[in-house]
2 protein chains.
Amino acid sequence: MAPSELPHPGVDDLEVGPILLALADENRRRVIAELAARPDEERLCASFDLPVSKSSRTHHWRVLREAGLVRQRDAGNRLYMRLRKKDLDRRFPGLIEAVVSADRH
Amino acid sequence: MAPSELPHPGVDDLEVGPILLALADENRRRVIAELAARPDEERLCASFDLPVSKSSRTHHWRVLREAGLVRQRDAGNRLYMRLRKKDLDRRFPGLIEAVVSADRH
DNA sequence: GACAAGGTACGACTACTGACGTACCTTCCA
DNA sequence: TGGAAGGTACGTCAGTAGTCGTACCTTGTC
């Protein structure tokens, strides 16, 4: 079957509440921080080292995607993820950068 | 009785997680936005117009205080609140500003 | 074909959140 | 001496978040 398109919110549908809620979780914040370190890089979801089970990871991917923080690409049996940096910077300038740098103490 | 001191986290105890969690709520974000508009002003808690009950408001004050977003001063039968702007800016530069301006669409 | 790897779906469980009402406390003011 | 106003404490309740295990699907590889 063709790689099904995963549902992503449009740029104008991004909301601060869900984004902050998504970023409030340490595991997800770690993912975003790693993605933000190389904003143009598309990363394999499996390459993130989270201390949770496989099904919990799926849950976190979904939260990040539905909040509009990442764009996911289904490549058959693999999932790739990329930070929606442009969209986020346009709608919420400085937010991602502030959160990521806040986490570096 | 002397105005009891309310428990506030120290500057170095501020954590990103609880702060983002506190800001994920729309009511609390509104309070922070209003405080941020006049950072040096101390405001009466009762002056905020939140569409929730009295006891719910107390709950939100506590969340904001325990996250370290505001400093509260107990003046007998009244409670004053002030944004901990300096502390927040020192620990998480740009974060509050980004969140507040993000809410203005 | 068989199997491993990466993901999803579903249900379950625990813990927490936001909301509320009621009762109570403290202070100010008529 | 009373209110009335502003807050807190406590218990409750419904909804949601994070976690997990199990079963299953898809793809690549042996």
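Numbered from 1 within each chain, the chains take letters A, B, ... in sequence-line order.
More than 12 heavy atoms of other residues, nucleotides or ligands shown are found within 6.0 angstrom of CD on Glu42(B).
For the segment residues 22-34 of chain B, the set of residues with a heavy atom within less than 4.0 Å of an atom of DNA chain D is empty. Interface residues of residues 43-50 of chain A facing DNA chain D, ordered by number: none; criterion, heavy-atom separation under 4.0 Å.
Partners of Arg57(A) according to the side-chain hydrogen bond (donor to acceptor under 3.5 Å, both in side chains) rule, which considers only residues two or more places apart in sequence or in another chain, do not exist here. By the salt bridge (Lys or Arg N to Asp or Glu O under 4.0 Å) test, Glu41(B) pairs with Arg38(B), sequence neighbours left out. Residues forming a side-chain hydrogen bond (donor to acceptor under 3.5 Å, both in side chains) with His60(B) (at least two apart in sequence, or on another chain): Arg28(B). Ser56(A) pairs by the side-chain contact (heavy atoms from CB on, under 4.5 Å) definition with Val52(A), Ser53(A), not counting sequence neighbours. Legend: residues meeting salt bridge (Lys or Arg N to Asp or Glu O under 4.0 Å) with Glu34(B), ordered by chain and number and at least two apart, are Arg43(B). For Asp103(B), the side-chain hydrogen bond (donor to acceptor under 3.5 Å, both in side chains) partners two or more places apart in sequence, or in a different chain, are Arg29(B). Residues forming a side-chain hydrogen bond (donor to acceptor under 3.5 Å, both in side chains) with Gln72(B) (at least two apart in sequence, or on another chain): Arg65(B).
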Please write out each protein N/O paired with an N/O of nucleotides 8-14 of chain C under 3.5 Å, distance rounded to 0.1 Å.
residue: dT8(C); atom: OP2; partner: Thr58(A); partner atom: OG1; Å: 3.0

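If you check dG6(D), dG18(C), dT27(D) against the side chain of His60(B), the one that comes closest is dG18(C).
Straight-line distance from the CE atom of Met81(B) to the C1' atom of dG6(D): 13 Å, rounded to whole Å. Rounding to whole angstrom units, CG of residue Asp74(B) and P of dA9(D) are separated by 10 Å. Between the CG atom of Leu64(A) and the P atom of dG18(D) there is a distance of 10 Å, rounded to whole Å.
Leu44(A) belongs to a hydrophobic cluster with Tyr80(A), counting contacts under 4.5 Å between side-chain heavy atoms of Ile, Leu, Val, Met, Phe, Trp and Tyr, direct or through other members.
Taking for each of Val63(A) and Asn77(A) the nucleotide of DNA chain D with the nearest heavy atom, the 5'-most of the two is the partner of Val63(A).
Residue pairs meeting the salt bridge (charged side-chain N to carboxylate O under 4.0 Å, His left out) criterion with at least one member in residues 86-96 of chain A, sequence neighbours excluded: Asp12(A)-Arg90(A), Arg71(A)-Asp87(A), Arg84(A)-Asp87(A), Lys85(A)-Asp89(A).
Using a 4.5 Å heavy-atom threshold, the side chains of Val99(B) and Ile32(B) count as separate.
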